[in-house]
Amino acid sequence: MDVVVVETTPLGDRSYLVHDGTVALVIDPQRDTDRVESAARAAGVAITHVAETHLHNDYLTGGLILARDHGARYLVNAADKVAFQHEPIVPGQAFAVGRLSVKPVATPGHTHTHLAYIVSDPDPGAGVRQAVFSGGSLLYGSVGRTDLIGPDDTAGLARDQYASVRRLVAESAPDAILYPTHGFGSFCSIGPASRIPASTIGEQAATNHALTDPDEDHFVRHLLANITAYPSYYAHMSPLNALGPGPAVLQVPESVESAELERRLEAGEWVVDLRNRVAFAASHLRGSVAFEYGTGSSFTSYLGWVLPWNQPLTLLGAHDDVEKAIRDLARIGIDSPDAAVGDDPGALAPATALVQYPITDWAGLERDRASGETVLDVRRIEEFSASHVLGAVNVPLHELLLRLDELPDSRIWVHCTSGYRASVAASLLHRAGRSVVLIDALFREAAHAGVELVSAAPA
């Protein structure tokens, strides 16, 4: 058995192509299925099976389209209520993929109907003997969060998760390689998820708090205490996955004409500038907002979280960035955004004013901030509680559009952990007519620059 990992870093997820050298099973494919298909061609294998561990909450699946395109069997838990044709499977009902044996295991917790798959090879040769595909159940160092179904289900699903990971370990070999879908920066993980690149069932049994904690009540309390905010677009993913997403449209559209782009800006439509945040602060089209592209996992999650769902969207930037952004957004159901393609915003909308706002570092804050001016921290609540600038106001970025009226009329100095979220916030504030300074600096450097920090964390 060979396992090919198809990583989706912007969302913190992994999909898998599992094959015996001839035929393959795909587990939890993302909507842009061309990456899995490329991996299958490179391996010289035919995709005959596609399986879901659960109805995903953080992305749209490519499973239905992939299965249709390849004439593959599409395996979905028989208990999931879906609107498309598929092959229902039940826990314990093993099936074969070539010489590989695949056993679905009930692992409720992340969702009520969650499945994991134990894949075994009776003749592994130099390959993998057993692999466990755990979806959002057992992760590296932790488990999938249990609060995505609803508040009334959260505690019960946490108890289910505690039992599920033990069941999965009991049915697997200690040397089985663990392949989770979530946990690589995904908001679907909870607790002390590890950034390690690989692990086995035995390693997790010895180190994962979900398996080493002998007290279920303590585990549940710990899990619930670590629940944090997750992107608002999650609310749309599972229902759309139950309907069966169509194919992703990945082509860059024809560039929007100048007059139309100017009209959209004047009308207050969302025009997203993909350039570097420093370049944006120095000069940008009045009414546009900054979502810098190419900075790891931040772009997709925060754009989908911050901007209102299902409103007209125009991407502005270089062709390569626009093309990649369209792919990323398609994964969360933001389909076919328009684009204004080019490196010079002024040339794309010549009749729209170019504006700017200042950018500084922590030393600049200490040196130039006037009395009565506001420091705005747009990190999440738990980050702010751990340590923050003395006197700072905390409005998490994902709440900012709804809470603009709460902020004082004074000039606002905005920061986050790295500068990325702060750059989005600064652009939103500036678009709303506020006087703003972007602190483009690492939070960990604040104290060294003489900034006084305090903690609101409980003793």
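Because only heavy atoms are used, hydrogens play no part in the values below, and waters and symmetry mates are left out as well, while side chains stay in. Just so we're clear, the structure is a prediction, and the values are computed from it rather than from any experiment.
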query = What is the ring orientation for F133 with Y179, classed by angle as parallel under 30°, tilted 30 to 60°, or perpendicular over 60°?
reply = parallel
request  = Would you check if the side chain of T146 reaches a backbone N or O of T154 as a donor-acceptor pair within less than 3.5 Å?
outcome  = yes
Modelled atom types, side-chain donor and acceptor of D213 and H222, under 3.5 Å = no
request  = Return the orientation label for the Y117 and F95 ring planes: parallel under 30°, perpendicular over 60°, tilted otherwise.
outcome  = perpendicular
ask   = Charged N to carboxylate O under 4.0 angstrom, D328 versus R331?
value = yes
query = F184 and Y140: aromatic ring centres closer than 6.0 Å?
reply = yes
message = Could you check whether any side-chain N or O of R145 sits under 3.5 Å from a backbone N or O of F187, counting only pairs where one atom can act as donor and the other as acceptor?
response = yes
ask   = Do T181 and D28 meet the criterion of a side-chain donor-acceptor pair at a distance under 3.5 Å?
value = yes
query = Quick one: are the ring centres of H54 and H182 less than 6.0 Å apart?
reply = yes
Any donor-acceptor pair under 3.5 Å from S455 side chain to A386 backbone = yes
query = Any sub-3.5 Å donor-acceptor pair from Y16's side-chain atoms to P180's backbone N or O?
reply = yes
note = Between S172 and the options L178, T200, I201, the side-chain contact (heavy atoms from CB on, under 4.5 Å) test singles out I201
ask   = Counting only N and O atoms by type, is there a donor-acceptor contact under 3.5 Å from the side chain of S232 to the main-chain atoms of W305?
value = yes
task = For the pair N208 (side chain) and S142 (backbone), establish whether a donor and an acceptor sit closer than 3.5 Å, ignoring hydrogens and angles.
result = yes
key: H114 side chain to G136 backbone, donor-acceptor under 3.5 Å   = yes
task = Flag the pair W362 / H415 as yes when their ring centroid distance falls below 6.0 Å, and as no otherwise.
result = yes
request  = Indicate whether the side chain of S15 and that of Q30 have a donor and an acceptor atom separated by less than 3.5 Å.
outcome  = no
ask   = Could you walk me through whether H70 and E37 pass the side chain to side chain donor-acceptor pair (under 3.5 Å) check?
value = CA-CA 10 Å; H70 291 266; E37 291 172 322; 2.8 Å; yes
query = Looking at S301 and L11, what are the two nearest heavy atoms and their distance?
reply = OG-CD2, 4.2 Å
ask   = Name the one of L404, L400, V378 that satisfies side-chain contact (heavy atoms from CB on, under 4.5 Å) with V395?
value = L400
ask   = With distance as the sole criterion, is a donor-acceptor pair present between the side chains of N77 and T113 under 3.5 Å?
value = no
task = Given side chain to side chain donor-acceptor pair (under 3.5 Å), test T314 with E269 step by step and report yes or no.
result = CA-CA 8 Å; T314 305; E269 292 188 15; 5.0 Å; no
query = If we ignore angles and hydrogens, is there a donor and acceptor under 3.5 Å between the side chains of H56 and S238?
reply = no
ask   = salt bridge (Lys or Arg N to Asp or Glu O under 4.0 Å) between D32 and R327: does it pass, once the steps are laid out?
value = CA-CA 7 Å; D32 51 329; R327 177 182 289 268; 2.9 Å; yes
note = Correct closest heavy-atom pair for I439 and D361 would be CG2-C, 4.1 Å
message = If you take the centroid of each ring, where Trp contributes its six-membered ring, are Y302 and F291 closer together than 6.0 Å?
response = no
For D335, salt bridge (Lys or Arg N to Asp or Glu O under 4.0 Å) partners two or more places apart = R31
query = With a 6.0 Å cut-off on ring centres, are F84 and H86 close enough?
reply = yes
task = Salt-bridge test for D217 and R159: reply yes if a basic N is under 4.0 Å from a carboxylate O, no otherwise.
result = yes
query = With no hydrogens and no angle check, is any side-chain donor or acceptor of E399 less than 3.5 Å from a backbone partner on P396?
reply = no
ask   = Has R166 got more than 12 heavy atoms of other residues, nucleotides or ligands less than 6.0 Å from its CZ?
value = yes
task = Spell out, as yes or no, whether a donor-acceptor pair under 3.5 Å connects the side chain of Q130 to the backbone of I177.
result = no
query = If we ignore angles and hydrogens, is there a donor and acceptor under 3.5 Å between the side chains of S427 and R431?
reply = no
remark   = The side chain to side chain contact (heavy atoms under 4.5 Å, CB included) partners of S423 (sequence neighbours excluded) come to R277, L438
